[in-house]
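Heads up, the thing below is written out as structure tokens.
When a ligand or atom number is given, it counts from 1 through the structure's own listing order.
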Amino acid sequence: METVKAIGDVLGQLGVDLRAHAGGDLNSRSPIDGGILASLRADTAQETTDKIGQAHAAFLQWRNLPAPRRGELVRLFGEELRMHKEALGRLVTLETGKILQEGLGEVQEMIDICDFAVGLSRQLYGLTIASERPGHRMMETWHPLGVTGVISAFNFPVAVWSWNAALAFVCGDSVVWKPSEKTPLTAIAVQALFERAAARFGNDAPPGLSALIIGGREAGEALVDDRRVPLVSATGSTRMGRAVAERCARRMARSLLELGGNNAMIVAPSADLELATRAIVFSAVGTAGQRCTTLRRLFVHDSVADSLLARLKKIYETLPVGNPLEQGTLVGPLIDEAAYSAMQDALEQARAEGGRVHGGSRAQVAGCKGGHYVAPALAEMPEQTAVMHHETFAPILYIARYQSLEQAIAWNNAVPQGLSSSIFTTDIREAEMFMSASGSDCGIANVNIGPSGAEIGGAFGGEKETGGGRESGSDAWKAYMRRATNTVNYSQALPLAQGISFEI
Ligand code: NAD
């Protein structure tokens, strides 16, 4: 199989030694052709607890290093990523099935967050606050928090870890990572690159600063339940996030949740339809519909619906579905058979709810017999029906016509998820209304670009069942630190706040 032949080369270029993990029954399977890339051993419960212990010891040392010096390690790691971008991007494609351009894009996102974090290492600002008492000063100080646990999903197997880890390291935390059991090789490769950066950094990087736990749900649960882990950042399904949130709450630990999305776009009468069409296609079929920010629901004003639909149908008929390693392919495989079945079930339900479905059937790809490829589907719906309230992790775009902007915004907000959203309009009133307090209720609300594709700099995350977490840009770093409020009395008296008299 092509993928099995390719994997050795790629791992070699990345300097990955699988010996520590080899010899188990956890298979990394390429969605491209079903080839088994490696059979790995999951960490035992004892190994997991030992790694968390070592990460905790590393934290006790790392927290005392000045933040700009901690940033230097992240800078070196960013250099390793730059040097290995091609090979790591190819490995992401081999293990997730996303097209090579997107595999490379994911590594670029890692590089971008490293750059962001290096700058941040000199900007962990606290406030000074006016005290009501004479001769007193109040201020906020941000301190390292502890071990950050990271649980990640298969579809962004490396970028999500780096969003968390790059910030956590400059904030003075150590990191224990439990990647998806579907994508362990990319995680092992990233850990190898990090260790290379740490070796160049020298003795100031304690062993165990970044640890990797290979395993499935049980390994994730062990991380979530460990009292030495004050923050768990979990990315994945809403079902998983609910379990993690409940377990963290039981021991009063913080959870930072990035869960399922069900993202919509509104196309208004004044929209630039050419621009909208390109944005729709990228957002709906990119990563074969397996992004948390994938466009799943399209609300088109009645007056432009026929024209837009005609354009979309034409493009969908000729979308290049195929081997994601090959140039020209825009739609790669689904992750596995279960994803294929879930897609067919959703399309069946859409038909039962009055939908007219175009596409969605299995596609045969030469040389990729063991992969699950589909033609992306358009489903014309009579209104927003029940199936549209669920996230089906596959390239299905539901389309409904609307008459008033109020109706379209109400549909946008009517689902349990609240990640990303967008509107195409050239009417400033509509754009402002969409972004206003009574507009989209999502964590991301875009104008004249699609809902998918995060850029480092802004805070990323969503509301409601998406979990409420914010990662990556803006002030997301605060989640990885603890805040102390300090009041300093430099007078020779001891006045009490609120004018309270307490004479002894
Ligand atoms: P998943 O929930 O099946 O698995 C995600 C991770 O959670 C895996 O590492 C898994 O082993 C672990 N896990 C599962 N149950 C657990 C438990 N009870 N306790 C601890 N860990 C547990 O998700 P998936 O299929 O890998 O990814 C797809 C989902 O992820 C989609 O819903 C997608 O929208 C979401 N996602 C969200 C974002 C975001 O930023 N909001 C980003 C990427 C993916």
Side-chain angles (χ1 to χ4, degrees), residues 26 28 31 42-43 48 92 95-98 102 106 109 113 149-164 176-184 186-187 212-226 229 232-250 253 255-263 286-296 334-336 338-339 342 390-394 415-421 442-444 451-454 458-473 476:
L26 197 155
S28 164
D43 280 286
T48 298
V92 168
E95 207 174 33
T96 66
K98 62 175 71 176
E102 291 180 316
E106 184 163 352
E109 201 172 328
I113 191 69
V150 177
I151 295 173
S152 58
F154 79 83
N155 65 328
F156 277 90
V158 288
V160 162
W161 171 83
S162 68
W163 284 7
N164 287 282
V176 178
W177 181 16
K178 209 302 282 172
S180 167
E181 54 275 43
K182 293 175 186 168
T183 54
T186 43
L212 184 62
I213 298 172
I214 299 296
R217 183 171 54 84
E218 297 75 19
E221 287 171 348
L223 185 60
V224 170
D225 286 343
D226 198 302
V229 181
V232 177
S233 173
T235 299
S237 59
T238 295
R239 179 198 51 73
M240 176 280 291
R242 190 168 281 122
V244 168
E246 285 173 8
R247 291 175 98 111
C248 283
R250 237 176 272 157
S255 53
L256 199 173
L257 303 173
E258 299 281 353
L259 311 175
N262 189 1
N263 317 291
T287 325
Q290 299 168 110
R291 285 177 174 230
C292 53
T293 52
T294 290
L295 174 61
R296 305 197 183 280
L334 295 173
I335 188 72
D336 53 22
H390 303 287
E391 179 197 47
T392 301
F393 223 49
V415 297
Q417 312 82 356
L419 181 52
S420 191
S421 59
C442 295
I444 298 168
S452 113
F460 182 89
E463 301 300 327
K464 303 190 290 186
E465 288 193 1
T466 302
R470 291 296 185 280
E471 280 177 5
S472 169

Minimum heavy-atom distance [X]-[Y], with the two atoms named:
X	Y	answer
E106	F156	OE2-C, 3.1 Å
L419	L259	CD2-O, 4.4 Å
V229	A253	O-CB, 4.1 Å
I335	P31	O-CB, 3.6 Å
T293	P451	CB-O, 3.6 Å
P184	L26	CG-CD2, 3.9 Å

Exercise. Run the salt-bridge test on E463 and R470 with the 4.0 Å N-O cut-off and return the result as yes or no.
Key: yes
Quiz prompt | Presence of salt bridge, E465 and R242, under 4.0 angstrom | solution = yes
Exercise. Examine E391 against ligand 1 and note whether any of their N/O atoms are separated by less than 3.5 Å.
Key: yes
Practice problem: Please say whether K178 places an N or O atom under 3.5 Å from an N or O atom belonging to ligand 1. | Solution: yes
Quiz item: Knowing that exactly one of V160, V224, I213 qualifies, which makes a side chain to side chain contact (heavy atoms under 4.5 Å, CB included) with I151?
Solution: V224
I need the nearest protein heavy-atom contact for [atom]: residue, atom name and distance, please.
atom	answer
atom 5 (C) of ligand 1	T235 O, 3.6 Å
atom 35 (C) of ligand 1	G236 O, 3.2 Å
atom 3 (O) of ligand 1	R239 NH2, 3.9 Å
atom 23 (O) of ligand 1	S237 N, 3.5 Å
atom 17 (C) of ligand 1	R217 CG, 3.5 Å
atom 27 (O) of ligand 1	A153 CB, 3.3 Å
atom 36 (N) of ligand 1	C292 CB, 3.6 Å
atom 28 (C) of ligand 1	F393 CE2, 3.7 Å

Exercise. Walk me through it: do V244 and L257 pass the test side chain to side chain contact (heavy atoms under 4.5 Å, CB included)?
Key: CA-CA 9 Å; V244 168; L257 303 173; 4.2 Å; yes
Proximal ligand 1 atoms for [X], defined as those under 4.0 Å from one of its heavy atoms:
X	answer
N155	43 (C), 44 (C)
E181	8 (C), 9 (O), 10 (C), 11 (O)
E221	18 (N), 19 (N), 20 (C)
G261	34 (O)

Below a 4.0 angstrom heavy-atom separation, can you tell me which part of [X], side chain or backbone, both or neither, approaches ligand 1?
X	value
A243	side chain
P179	backbone
F460	side chain
I151	side chain
L259	backbone

Quiz item: Has F154 got any heavy atom lying under 4.0 angstrom from an atom of ligand 1?
Solution: yes
Self-check item: contact_flag V160 ligand 1 heavy-atom lt 4.0 Å
Solution: no
Quiz item: Is K464 reaching over with its side chain to a backbone N or O of V415, donor-acceptor style, under 3.5 angstrom?
Solution: yes
Quiz item: Taking atom OG of S162 and atom CD1 of I113, what is their separation to the nearest 0.5 Å?
Solution: 6.5 Å
Quiz item: Hey, what do you get for OG1 (T96) to NZ (K182), rounding to the nearest 0.5 Å?
Solution: 12.0 Å
Quiz item: Among G220, S152, S420, A187, which one has a heavy atom closest to atom 21 (N) of ligand 1?
Solution: G220
Quiz item: Heavy-atom distance to atom 22 (C) of ligand 1: which of M240, R242, E471 wins?
Solution: M240
Practice problem: Over 60° means perpendicular and under 30° means parallel, so classify the ring planes of F393 and F154, tilted if in between. | Solution: perpendicular
